[in-house]
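Lettering of chains follows the sequences in order, A, B, ..., and the numbering in each one begins at 1. All values reported here derive from a predicted model rather than from experimental measurement.
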Amino acid sequence: MLLCLVCFQTYAQDSSLHVKTLQGVDVRAVRMEPLTSKASMPVTVISKKALDMMGSRRLDEVLREQTGLALVSDIGAGSRAVGVQMQGLGSAYIMVLIDGQPMIGRNSGNFDLSRITVSEIERIEIVKGASSCLFGSEALGGVINIITRQNITNGRQAMAQVRYGTQNNTDITLEGETPFAAGKADASLSLNFFHTDGFNVNPYLTQGVTAPPYNSYSMQGRMRYKLGPAHTLSFTGRGALRTSVNESVYGTGMAANKDKMNESDLNGSVALLSSISNNWKLKTQYYLTRYESNQRVSNGKATLQRNEFAQYFHRLEVQTVNNISNTVSVTGGVGGNLETMAHNEFINGNAMSAAFAYMQGDWKPGVKAGARLGFRYDYHNYYGGRINPGIGFNYSPFSFLDIKAAVGTGYKTPGFKERFQVFTNPQAGYTVVGVEQAASVLASMQANGQISEIRPIAKTISNDLKPETSVSYNLGITLTPVKMVKIEVSGFYNDLSNFINTVQVATQTNFQPVWSYINLKKSFTGGMEANVSWAGIKGLEVSAGYQLLYAKDRGMIDSVKSGRYPYNKVRNNETGETRASKASDYIGLENRSRHMGNVRVFYEYAPLGMSATFRVNYRGKAGYDDANNNRFLDKYDTFIDGYYLLNASLEKKLVKDKLSVQLTVDNLMDYTDMLMPAQPGRIVMLGAKWRFTGNTQRINQIKE
Amino acid sequence: MHTRTALLATLLLFAACKKEDNNVKKDTYEDGVSTVIYDLAGDTEASVGEGADGKVMRPFKPFFFRFNGKQQSWDSSATNRQSNSWDIAFTDVYNALVYPNSGTDGRNPGYGGAGKGLIVMVDKPYASVTQAPTEAEMKTNNLGFVGWDGYPQPYNDGWYFYSLQTHLAIAIRNRTFVLLTAEGKFAKLELINVYKGNPPAVTDLHWPAPYFTFRYFVQEDGSRNLKTP
């Protein structure tokens, strides 16, 4: 199976070819390529067409099907904490952008991608590897850039779509766009409602679900006004609300754990796009985003968990692209951010500000070779300045071979949580304190007689927690032996330092630890990715992707080698025998699969207006948790079994392509695992879409 | 056509691989001789942290358990503690610190009474523990109590530990404790889980606890024979 997985390529990467230039446009607005397309690290593009054919409703469904990406539950952060993992790096290190600007609102570092409806997405660009050179703090492991609908109006048109299926999943989208002011302006509006009853994969629950139910309401609008031949003013706004209540009951006659969440998400921007000359474009933008989460779990007697916060992020930025000559282009920008946070667990320090400047040169002396070099300087009001470079080369010695190499760096400044958190788990009783609160909190706990021991390390918990950093290396080749076949193979290595980890600084009189944060971990993730595609028959594309991954904590390797308790032993949980540990007993970080892969078939038969997709995703065995109390993952611990998920879709266009009917089946074999609470079983959806239009030209172009 | 055949073949292949019951492997503990206790509720009203009203909630009330007759008692009076009416006590955080009934150990809830209890670890699966160590050996290796493995000191063998990933308690599988009951009979004990329903892995931070699943066998004839099927 794996051998054949290696032999194909992802549809997504190939599908970038399908993003064709749209022609015949009245309002030719000034546009700029997204920065993600300029990254030196590898970029994967998922097109609107692929999204439409797959029929996915929420962003997490799309991304879990991409080579090297996995959706993982963070059990320790609660049942709503799910994040995306890329090249073995956790969600906290993956930046999520909307039209190039950062989205905020994370649950212990996890960005829940199911917040975002697919209906408002035009294209997704994924950068794998450290890219702080272009994006600054947080782009330590990679970037996911969601490009929303960039309407090019050719007339008034609208679309309505309704989908319904398993678990009362309901997805309703209405969108419309129109030119106005005598063709000088255009506006578009998209509305989406989504409901799900959630999904349960836990047989011990007599009521409630493991993937929470929710209602989501999203609205997205865009307006552009052409001020003159060289200037376009653009307004975009997005608002999303989500409400969710999940009452979990274990067994009969038990009280319910009521988990209630309301979240709201706003993004808005005003941008002036200017063509100073044919070769020089300038974008001046103000971006504001706000995220608020109110989550509370209670059992009627006590509050078990609270996650209540409101966060603002403002950015003012000027960005420029200048094509100096046919062979050289320069991209650059300057800007500043202000971020504020009000959180139930954080004390003091509710604002951070930063300024940045970046510049990248792209040099393409001929068809055979190219190079890019960039730098970014970020200044943080507390953590000071930092320079991140990025460099990339490509060389094509023959027409069928292209070689690419890139190095990028990444960093992430400690967030509000690592600095200002003061939290006591109401059930387990442990306490976590941010580094800037540690001294005062420990002093007051001691005064109250709650502390039995303060560890020596508590003295080194000071205010100078350092940013986490990474260096990514990527080397790849692309082979096109014949026109219909494309083979890409690359090796990647991410070297991570100063990773922030929790450390026990004291013990309470109730036996429970007090944790704080420390720069401790040195880790690495490395491996290879292969993508192969074949497009030999008109309308048919077959592709496959594979990722091999090694992800280890160097500190853990050292601990095992040092023979220190409790890392010095391995217990066989079947026989009860314990022996001394060896470095080779350490498997790696939890929740990482050595092997992941996919095979996809996308087929479109134009004469009948029919299209179909069939996708298989494989995720290999991954560590779940320690089972023998040596604090590292060895073969006797708990693992999530490897599994395949099968997804299929079928679409038929009717009434001169105005109507389309689509049937989608996700997780066809209904594979579920209690250890993957957020992975639903089989979901069957039936949907219909109707396009109202005065001019079909654009639709045909979009479908191309 | 080839594509279709291939798809069909793949489908069949995966149908064969499908697993049932969400990957839950249920062990059976009944061997016909031992007593298995399922979901014995501890002090589920207590918590170690703060309650909804912001006040510190009360600590866990200990409870006492007599092997003979499967008797749970919440009577913490000195009379009951110092009597031979119980064999093991579930105390402290999550009631997870387990003591035998010893009248001579100063830390023991039965201190000052007549209890002859001792407890030692035999790190083997329950069924393969067929003979108890001698009383002299048990006195030498007596753990006094069993709770958090390796805590407060590495030599404090226990029956569970806290996960660094989730801070949830994980019981160590196939670990057996041999003990002397209050009356001095040899017995073996396996403490299986603290979470309701005895799940193989806990996937929810708020999974109800403490609900104890454990099994034991008492050799009534006074010998060291602990053979169970």
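- Using a 4.5 Å cut-off between heavy atoms, Y211(B) contacts chain A through its side chain alone, with no backbone atom that close.
- Defined by atom type and a distance below 3.5 Å, a donor-acceptor pair is missing between the side-chain atoms of Y204(A) and D204(B).
- With hydrogens and angles ignored, the 3.5 Å screen pairs a side-chain donor or acceptor of N174(B) with a backbone N or O of N573(A).
- Under the 4.5 Å side-chain criterion, counting only non-hydrogen atoms from C-beta, D123(B) is in contact with R571(A).
- Heavy-atom distances place the side chain of T507(A), and not its backbone, under 4.5 Å from chain B.
- With rounding to the nearest 0.5 angstrom, the OG1 atom of T578(A) is 6.5 Å from the CZ atom of R175(B).
- Note that CZ of F161(B) is 6.5 Å distant from CG of N628(A), once rounded to the nearest 0.5 Å.
- Looking at heavy atoms from C-beta onward, Q512(A) lies in side-chain contact with Y162(B) at the 4.5 angstrom threshold.
- In this structure, the portion of V202(B) lying under 4.5 Å from any heavy atom of chain A is its backbone and not its side chain.
- From N202(A), atom CG reaches atom OG1 of T203(B) across 4.5 Å, with rounding to the nearest 0.5 Å.
- D637(A) CG to I170(B) CD1: the interatomic distance, rounded to the nearest 0.5 Å, is 8.5 Å.
- Heavy-atom pairs under 4.5 Å with chain B were tallied for G251(A), A255(A), A627(A), S73(A); the largest tally goes to A627(A).
- The part of A77(A) that comes within reach of chain B is its backbone (N, CA, C, O), which places non-hydrogen atoms under 4.5 angstrom from that chain.
- Heavy atoms closer than 4.5 Å to chain B are found in both the backbone and the side chain of E574(A).
- Taken to the nearest 0.5 Å, the OG1 atom of T502(A) stands 7.5 Å off from the CG atom of L164(B).
- Sparse packing is recorded around OH of Y605(A), with 12 or fewer heavy atoms of other residues, nucleotides or ligands lying under 6.0 Å away.
- For residues 143-150 of chain B, a heavy-atom distance under 4.5 Å to chain A picks out W148(B), D149(B), G150(B), given by residue number.
- The minimum heavy-atom distance linking Y624(A) with A201(B) is given by the pair CE2-CB, 4.1 Å.
- The part of N257(A) that comes within reach of chain B is its side chain, from C-beta onward, which places non-hydrogen atoms under 4.5 angstrom from that chain.
- Ranked by heavy-atom pairs under 4.5 Å with chain B, the first of E590(A), R631(A), Q508(A), R306(A) is E590(A).
- Neither the backbone nor the side chain of T431(A) comes within less than 4.5 Å of any heavy atom of chain B.
- Between M254(A) and P208(B), the closest heavy-atom pair is CE-CB, 3.7 Å.
- Both the backbone and the side chain of Y250(A) come within less than 4.5 Å of a heavy atom in chain B.
- Going from atom CD1 of I75(A) over to atom CH2 of W207(B) covers 10.0 Å, rounded to the nearest 0.5 Å.
- Looking at M676(A), there are no atoms closer than 4.5 Å to chain B (heavy atoms on both sides), in backbone or side chain.
- There is no contact between S298(A) and chain B, counting heavy-atom distances below 4.5 Å.
- Taking 4.5 Å as the heavy-atom cut-off, none of the residues of residues 33-41 of chain B approach chain A.
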